[in-house]
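It should be emphasised that the depicted structure is a prediction, and the values quoted were computed from it without experimental measurement.
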Amino acid sequence: MDSQYKLCIGSSDQDHNSAEVRDRKIIHIDMDAFYASVEQRDNPDLRGKPVAVGGSKERGVVAAASYEARKFGVRSAMPSVTAKRQCPDLIFVKPRFEVYKEISRQIRSIFAEHTEIIEPLSLDEAYLDVTENFQGIAIATEIATMIRAKILSETGLTASAGISYNKFLAKLASDQRKPNGQFVITPKMGPGFVEDLAVGKFHGIGPATSAKMNGLGIFTGRDMRNQTLEFMTASFGKAGTYYYWISRGIDERPVRANRVRKSVGAETTFSRDLRDYEALAAELQPLIEKVWRHCETTGARGRTATIKVKFSDFELITRSRSVNLIDDARSLSCLALELLKQLMPTKKAMRLIGISISGFADPEPENENQLPLMLD
């Protein structure tokens with residue numbers, strides 16, 4: 001498949017960036033079931049068996065699942081009790097984040113042999129811009145093949161790769177040949193590839209946004225492409241502009257090296273204004289769980305918890321508290337509820353509440369355009 005190509009941004013129906021022409025070769029590397037694969041590598045008794053990395057207790061969460069477990073519908077961020085119900089033979093293994101981080105550093109050193117433009121998304125995936133690379137290799141698929149082979153040789157783990165002319169399509173491409181494969185989406189393929197994609201498969205579009213789009217008659221990339229930019233921005237705000245262009249196979253975000261996430265949070269807007277502590281605490285709990293699932297998945301541990309509140313008159317306030325380390329969901333929940341209690345009793349009803357963690361002990365890489373975690 002051809003992977004030497006020129007990207008014309010601004011041709012045909014997209015004139016938003018004149019006729020800029022660039023050779024752009026981006027690789028998205030994604031380790032296959034990373035945490036679970038590490039555990040199976042290090043413990044032969046786990047190989048070929050359904051494995052979940054995470055806590056097995058009632059409030060536990062699956063941080064990663066082996067491919068054997070995925071056949072039963074077990075997936076990351078799933079409550080452990082649900083995972084065990086779907087796969088009774090599931091074996092839970094406690095996460096070893098220091099081990100995962102060390103392997104991640106080893107993998108990134110392999111990336112650095114080819115380019116210095118590396119944007120880590122988490123411990124197990126990253127974007128690489130190999131338009132210009134240290135070896136002067138013209139074909140991006142060759143670089144991806146070399147990287148995957150060296151990862152396997154040095155770590156005993158497999159990786160999948162997506163190669164394309166922008167980040168959005170490279171990430172989509174890496175899902176096409178999993179596990180242990182790679183796939184290319186060329187500029188000629190890009191718009192058509194997106195046209196047939198369900199909007200729920202678009203990276204950055206969650207279940208609530210997907211449902212909203214479906215309610216507007218937008219089910220596929222083709223449906224989205226048929227909408228005007230004005231309609232998309234009116235319906236989805238700033239994100240609507242992003243959706244409009246990716247439905248055309250266009251994503252101009254550069255690969256950004258060494259960006260660091262400063263915080264991770266989740267928020268929700270109520271269907272009706274609330275002022276009762278118990279009701280507010282009930283709305284806060286799923287946000288706490290969502291934020292902590294992200295921390296479990298990435299291995300990130302922060303020091304500061306912050307709640308955000310928007311009142312019925314749109315006044316916005318935040319309250320924060322820092323500790324030595326927030327190292328489990330219970331600690332985060334206690335901090336969040338203490339901060340909420342400080343606002344009680346409230347004279348004004350609230351329309352929105354949010355929770356975030358910051359002050360990461362080991363700063364987590366950030367995707368430059370990654371949307372904040374939200375329950376919308």
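Counting heavy atoms from C-beta on, the side chains of Leu152 and Leu157 never come closer than 4.5 Å.
Taking CG from Leu325 and CZ from Arg303, the interatomic distance works out to 6.5 Å, rounded to the nearest 0.5 Å. Here the NZ-CG distance, from Lys49 to Asn43, works out to 8.5 Å after rounding to the nearest 0.5 Å. Here CG of Leu169 is found 9.5 Å from CD1 of Ile26. Values are rounded to the nearest 0.5 Å.
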Decide yes or no on side-chain hydrogen bond (donor to acceptor under 3.5 Å, both in side chains) for Gln106 and Thr155, but give the supporting numbers first. CA-CA 8 Å; Gln106 192 177 358; Thr155 70; over 6 Å; no
Starting from the C-alpha separation in whole Å, work towards a yes-or-no answer on salt bridge (charged side-chain N to carboxylate O under 4.0 Å, His left out) for Asp328 and Arg330. CA-CA 6 Å; Asp328 56 38; Arg330 186 180 297 276; 6.0 Å; no
One pair to check against side-chain hydrogen bond (donor to acceptor under 3.5 Å, both in side chains): Ser37 and Asp32. What are the steps and the verdict? CA-CA 7 Å; Ser37 294; Asp32 299 321; over 6 Å; no
CA sep, side-chain torsions, deciding dist, call: Asp129, Lys25, salt bridge (charged side-chain N to carboxylate O under 4.0 Å, His left out): CA-CA 6 Å; Asp129 188 327; Lys25 302 184 180 78; over 6 Å; no
Audit row: Arg105, Glu102, salt bridge (charged side-chain N to carboxylate O under 4.0 Å, His left out) steps and yes/no: CA-CA 5 Å; Arg105 285 189 283 268; Glu102 179 54 39; 3.2 Å; yes
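Put simply, the side chain of Glu119 gets close to the backbone of Arg256: a donor and an acceptor are under 3.5 Å apart. The backbone N or O of Pro254 sits less than 3.5 Å from a side-chain atom of Lys167, completing a donor-acceptor pair. Side-chain atoms of Gln227 come within 3.5 Å of backbone atoms of Asp223 as a donor-acceptor pair (strictly under, hydrogens ignored). In this structure, Gln135 contributes its side chain and Glu113 its backbone to a donor-acceptor pair below 3.5 Å. In this structure, Ser160 contributes its side chain and Ser174 its backbone to no donor-acceptor pair below 3.5 Å. Listed for the Tyr242 side chain is no donor-acceptor partner under 3.5 Å among the backbone atoms of Lys238.
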Sequence neighbours left out, cut at 3.5 Å: what donor-acceptor pairs do the side chains of residues 194-201 make with other protein atoms?
| from | atom 1 | to | atom 2 | distance (Å) |
| --- | --- | --- | --- | --- |
| Glu195 | OE1 | Arg222 | NH2 | 3.4 |
| Asp196 | OD1 | Arg222 | NH1 | 3.3 |
| Asp196 | OD1 | Arg222 | NH2 | 3.0 |

Pairs under 3.5 angstrom only: tabulate donor-acceptor contacts from the side chains of residues 81-91 to other protein residues two or more places apart or in another chain.
| from | atom 1 | to | atom 2 | distance (Å) |
| --- | --- | --- | --- | --- |
| Lys84 | NZ | Pro88 | O | 3.0 |
| Lys84 | NZ | Leu90 | O | 2.9 |
| Gln86 | NE2 | Phe72 | O | 3.0 |
| Gln86 | NE2 | Gly73 | O | 3.3 |

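Taking a 4.5 Å side-chain heavy-atom cut-off between Ile, Leu, Val, Met, Phe, Trp and Tyr, the cluster of Phe219 contains only that residue.
The aromatic ring centroids of His114 and Phe134 lie 6.0 Å or more from each other.
Phe202 meets the ring pair (Phe, Tyr, Trp, His ring centres under 6.0 Å) test with Phe168; sequence neighbours excluded. Under the ring pair (Phe, Tyr, Trp, His ring centres under 6.0 Å) criterion, Phe236 pairs with Tyr243, sequence neighbours left out.
Pairs engaging residues 347-357 under the side-chain hydrogen bond (donor to acceptor under 3.5 Å, both in side chains) rule: Asp313-Lys348, Glu315-Lys348 [sequence neighbours left out].
When hydrophobic clusters are built by joining Ile, Leu, Val, Met, Phe, Trp and Tyr residues whose side-chain heavy atoms come closer than 4.5 Å, directly or via intermediates, Trp245 is grouped together with Ile205.
If you run side chain to side chain contact (heavy atoms under 4.5 Å, CB included) between Val309 and each of Leu343, Leu352, Leu339, only Leu343 comes through.
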